[in-house]
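Everything numeric in this text was worked out from a predicted model, so none of it was measured.
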Protein chains: 2
Amino acid sequence: MNDVAARAQVSLKTVSRVVNGDAGVVEGTRRRVLDAISQLGFRRNDSARQLRIGRAAEIGLLVEDVGDPFYSTVTRAVERVAAANDCLLFTGSCDDDPERERKLALALCARRVDGLLIVPASADHAYLASELDSGLPVVFIDRPPVNLDTDAVLADNVGGARSAVAHLIAAGHRRIGFVGDDPDIYTARRRLLGFRQEMAAHGLDVDEAWIAVGEPGAGRLRRHAERLRDKLEQLLDGPAAVTALFTGNNRITTQVLRELALRDADAGAVLPRPALVGFDDFEFADLVTPGVTVVAQDPAALGRTAAALLFERLAGLTEPARQVVLPTRLVVRGSGELPPPA
Amino acid sequence: MNDVAARAQVSLKTVSRVVNGDAGVVEGTRRRVLDAISQLGFRRNDSARQLRIGRAAEIGLLVEDVGDPFYSTVTRAVERVAAANDCLLFTGSCDDDPERERKLALALCARRVDGLLIVPASADHAYLASELDSGLPVVFIDRPPVNLDTDAVLADNVGGARSAVAHLIAAGHRRIGFVGDDPDIYTARRRLLGFRQEMAAHGLDVDEAWIAVGEPGAGRLRRHAERLRDKLEQLLDGPAAVTALFTGNNRITTQVLRELALRDADAGAVLPRPALVGFDDFEFADLVTPGVTVVAQDPAALGRTAAALLFERLAGLTEPARQVVLPTRLVVRGSGELPPPA
DNA sequence: ATGAAAGCGCTAACAC
DNA sequence: GTGTTAGCGCTTTCAT
């Protein structure tokens with residue numbers, strides 16, 4: 001900006017005025033400055049600007065894994081809201097590693113982003129308290145904060161799970177298996193709770209052998225997949241066999257579908273399928289046979305709502321931490337309506 | 001930092017030394033500073049730091065749409081490389097809108113990011129020339145730069161398309177339809193070229209009625225989907241009917257599969273399927289019936305390679321702009337091996 | 001081992 | 001209309 005000022009023979013401040021479109025610069029001067037700018041290929045340094053004005057026009061988003069369609073949809077929705085507010089977006093994946101969440105979140109704080117959206121991996125968010133105190137708005141997505149008083153936008157995990165189980169029971173099932181993620185994860189825990197609640201509400205006892213949950217830690221999904229074959233074998237052919245399955249998220253539903261297909265391939269025939277309802281909708285749910293009945297959340301709404309709330313806070317909203325719960329929707333496609341074997 | 005210095009009764013510079021772990025601070029002083037830091041909840045302002053040292057430790061990534069599994073996989077791969085280099089990552093989706101690409105790219109430049117990775121939407125990248133001149137490393141992904149001399153990491157679109165068509169011809173097909181995206185898009189154009197080349201190499205004339213390409217502009221995919229039904233009807237039942245289809249990317253393959261399923265539903269029966277090979281692999285390709293034979297690219301490798309190249313440039317690599325072409329791989333699953341009707 | 005002064009590139013406040 | 005000065009929060013250079 002100094003160079004531009006020198007070349008245009010004006011003061012630095014005048015250049016600043018022109019660059020920012022401030023009024024009070026006569027047309028002739030303006031032209032000279034503009035010429036100098038284009039001759040020098042000058043472009044305002046926005047980080048310097050932000051340092052001065054104290055607003056970054058950047059927010060950060062931390063998810064479990066942008067590569068997962070669920071989170072990439074969340075990300076896309078957040079992006080749109082950010083763009084509408086002329087904000088750039090930092091993104092990062094934590095892989096359910098608390099240390100990585102912490103590191104990324106603090107790095108974003110050190111960058112002085114204007115706000116943070118977090119799908120948390122850790123079980124303690126006290127480390128963000130001082131940032132919150134100094135005015136950083138933070139909105140949690142999909143899972144609530146622990147030891148931290150701030151906004152969260154969640155799905156109705158318990159209600160969704162209950163509707164899935166109720167649907168299977170209505171189709172005549174009494175022995176229903178639950179294949180879910182590590183219950184250390186909030187959503188997985190809540191869905192398992194919903195499963196148990198709905199079974200109990202119908203007076204049905206749950207045999208613990210019907211419940212297959214993942215192990216904790218990053219990389220657990222891969223390990224889960226490796227052990228799924230045996231689990232499914234127990235669930236479908238073992239002494240405590242079930243007639244229906246409720247799968248706890250999109251990835252697990254996919255894994256189960258793949259295993260069922262492999263069983264068919266091994267048998268050289270299409271084996272009778274257990275009824276299946278999955279938590280989370282996915283793009284091909286209607287294109288496999290039978291179509292997969294799911295409890296759909298709206299990941300775009302999750303991201304959109306959280307980002308909108310963040311910008312409300314940024315605009316000065318000061319009410320106490322809000323917890324928004326988004327409804328789920330049962331989408332009937334065939335797999336959940338299969339009756340139990342006679 | 002000033003506040004910390006005051007509280008610890010040392011100079012600002014000593015605080016800086018402690019914060020950065022510089023040698024030359026006696027243990028007692030260090031303790032005092034550390035205490036002051038934790039009492040005040042101080043955290044170094046990295047944007048101010050970056051302004052001073054001239055390195056942002058941030059890079060930017062622009063894709064067409066993070067919500068698309070192809071690009072979200074690219075994004076995830078870039079993220080990993082960025083994290084390995086202690087860099088934060090800005091992401092943005094351009095929706096194939098040149099204006100949006102330009103705006104986002106320039107906003108990132110104004111933030112003085114250390115480098116840029118771009119899946120371009122525009123057809124002219126001269127606007128980045130001055131940034132390049134002032135030393136900003138830029139690597140294009142998936143589509144090459146136009147009017148700009150910089151690195152690019154691409155897939156072998158022509159070769160991949162040719163392998164798909166060759167595969168269909170080997171299965172006995174002579175009349176093959178091409179359903180692709182807007183040929184204004186580099187990848188779509190190259191894949192159509194590969195289609196034509198391979199047909200020609202086998203001495204097969206291409207009836208232009210066999211070629212269905214999308215319209216230009218953002219939102220074209222939705223419009224494409226709406227018109228796909230009629231196009232497919234012409235392609236499969238019209239006077240110039242084909243016996244096989246080559247679909248130009250993951251989204252179009254999905255749309256075609258959905259339309260074929262709808263035709264079955266309308267007919268109340270499983271109609272005979274045309275053979276089908278799709279460009280791009282996707283998660284459910286093996287779970288639909290029949291399994292979808294695809295020409296698989298490796299989106300993770302695309303992102304990883306591009307990011308690695310960017311960091312090589314950042315580390316000082318000065319050789320001329322490099323163009324890396326990644327191979328594709330034909331994955332046989334059933335749909336591409338269906339023979340033509342007798 | 002510690003500190004003072006200058007400056008990264010910009011904007012705010014107040015001249016003139 | 002335009003310019004001057006100070007300072008955002010940090011690092012660099014050079015003293016002490």
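- Nucleic acid contact for Val10(B): sugar-phosphate only, since backbone atoms but no base atoms lie under 4.0 Å from a heavy atom of the residue.
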> What's the verdict on side-chain hydrogen bond (donor to acceptor under 3.5 Å, both in side chains) for Ser47(A) and Ser47(B), showing C-alpha distance, side-chain angles and the deciding distance?
Replying inline: CA-CA 7 Å; Ser47(A) 359; Ser47(B) 2; over 6 Å; no

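- Atom CG in Asp151(A) sits 11.0 Å away from atom CD1 in Ile141(A) (nearest 0.5 Å).
- Straight-line distance from the CG atom of Asp22(A) to the P atom of dA13(C): 12 Å, rounded to whole Å.
- Within the structure, side chain to side chain donor-acceptor pair (under 3.5 Å) contacts touching residues 130-141 of chain B (residues at least two apart or in different chains) are Arg43(A)-Glu131(B).
- Closest to the side chain of Asn20(B), out of dT2(C), dT11(D), dT11(C), is dT11(D).
- Residues of residues 42-52 of chain B having a heavy atom closer than 4.0 Å to DNA chain C, listed by number: Leu51(B), Arg52(B).
- Residues Tyr186(A) and Leu154(A) meet the side-chain proximity criterion, which asks for heavy atoms closer than 4.5 Å.
- Remark: P of dA6(D) and CG of Leu12(A) are 15 Å apart, rounded to the nearest angstrom.
- For the OP1/OP2 pair of dT11(C) and a distance below 4.0 Å, the side-chain nitrogens and oxygens of Ser16(A) include at least one atom meeting the criterion.
- With Phe311(A) as reference, Val81(A) is the one residue of Val139(A), Val81(A), Asp114(A), Leu317(A) to meet the side-chain contact (heavy atoms from CB on, under 4.5 Å) rule.
- Atom CE of Met1(A) is separated from atom P of dC8(D) by 19 Å (rounded to the nearest Å).
- Rounded to whole Å, atom C1' of dT2(D) lies 11 Å from atom CZ of Arg32(A).
- At the phosphate of dT4(D), neither OP1 nor OP2 sits under 4.0 Å from any side-chain N or O atom of Ser11(A).
- Gln50(B) and Arg112(B) share no side-chain donor-acceptor pair at under 3.5 Å.
- Counting to the nearest Å, the P atom of dA12(C) and the CD1 atom of Ile53(A) are 7 Å from each other.
- We find that CZ of Arg55(A) is positioned 13 Å from P of dA12(C), with the value rounded to whole Å.
- At the heavy-atom level, Asn2(A) lies nowhere under 4.0 Å from the strands shown.
- A donor and an acceptor atom, one from each side chain of Asn45(B) and Arg111(A), are nowhere located under 3.5 Å apart.
- One interatomic measurement links the two molecules: CD of Gln9(A) to P of dT2(D), which rounds to 14 Å at whole-angstrom precision.
- Defining each end axis of the helix from dA1(C)-dT16(D) to dC16(C)-dG1(D) as the rotation carrying four pairs' C1' atoms onto the next four, with five pairs an end, the two axes are found to diverge by 40° to 10 degrees.
- Taking the side chain of Thr14(B) as heavy atoms from C-beta on, and the options dT2(C), dC10(D), dT11(C), the nearest nucleotide is dT2(C).
- The CG-P distance, from Leu40(A) to dG9(C), rounds to 13 Å in whole Å.
- You won't find any donor-acceptor pair under 3.5 Å spanning the side chain of Arg112(A) and the base of dG9(D), going by distance alone.
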>> Determine whether Val4(B) and Ile37(B) satisfy the following criterion, side-chain contact (heavy atoms from CB on, under 4.5 Å), listing intermediate values before the conclusion.
In response: CA-CA 6 Å; Val4(B) 176; Ile37(B) 285 179; 3.7 Å; yes

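- With rounding to the nearest 0.5 angstrom, the CZ atom of Arg49(A) is 5.0 Å from the CG atom of Asn20(A).
- Rounding to the nearest 0.5 angstrom, the gap separating the CZ atom in Arg102(B) from the CZ atom in Arg100(B) is 14.0 Å.
- Minimum atom distance to the side chain of Lys13(A) is reached by dT4(D), of the listed dA1(C), dT4(D), dT2(D).
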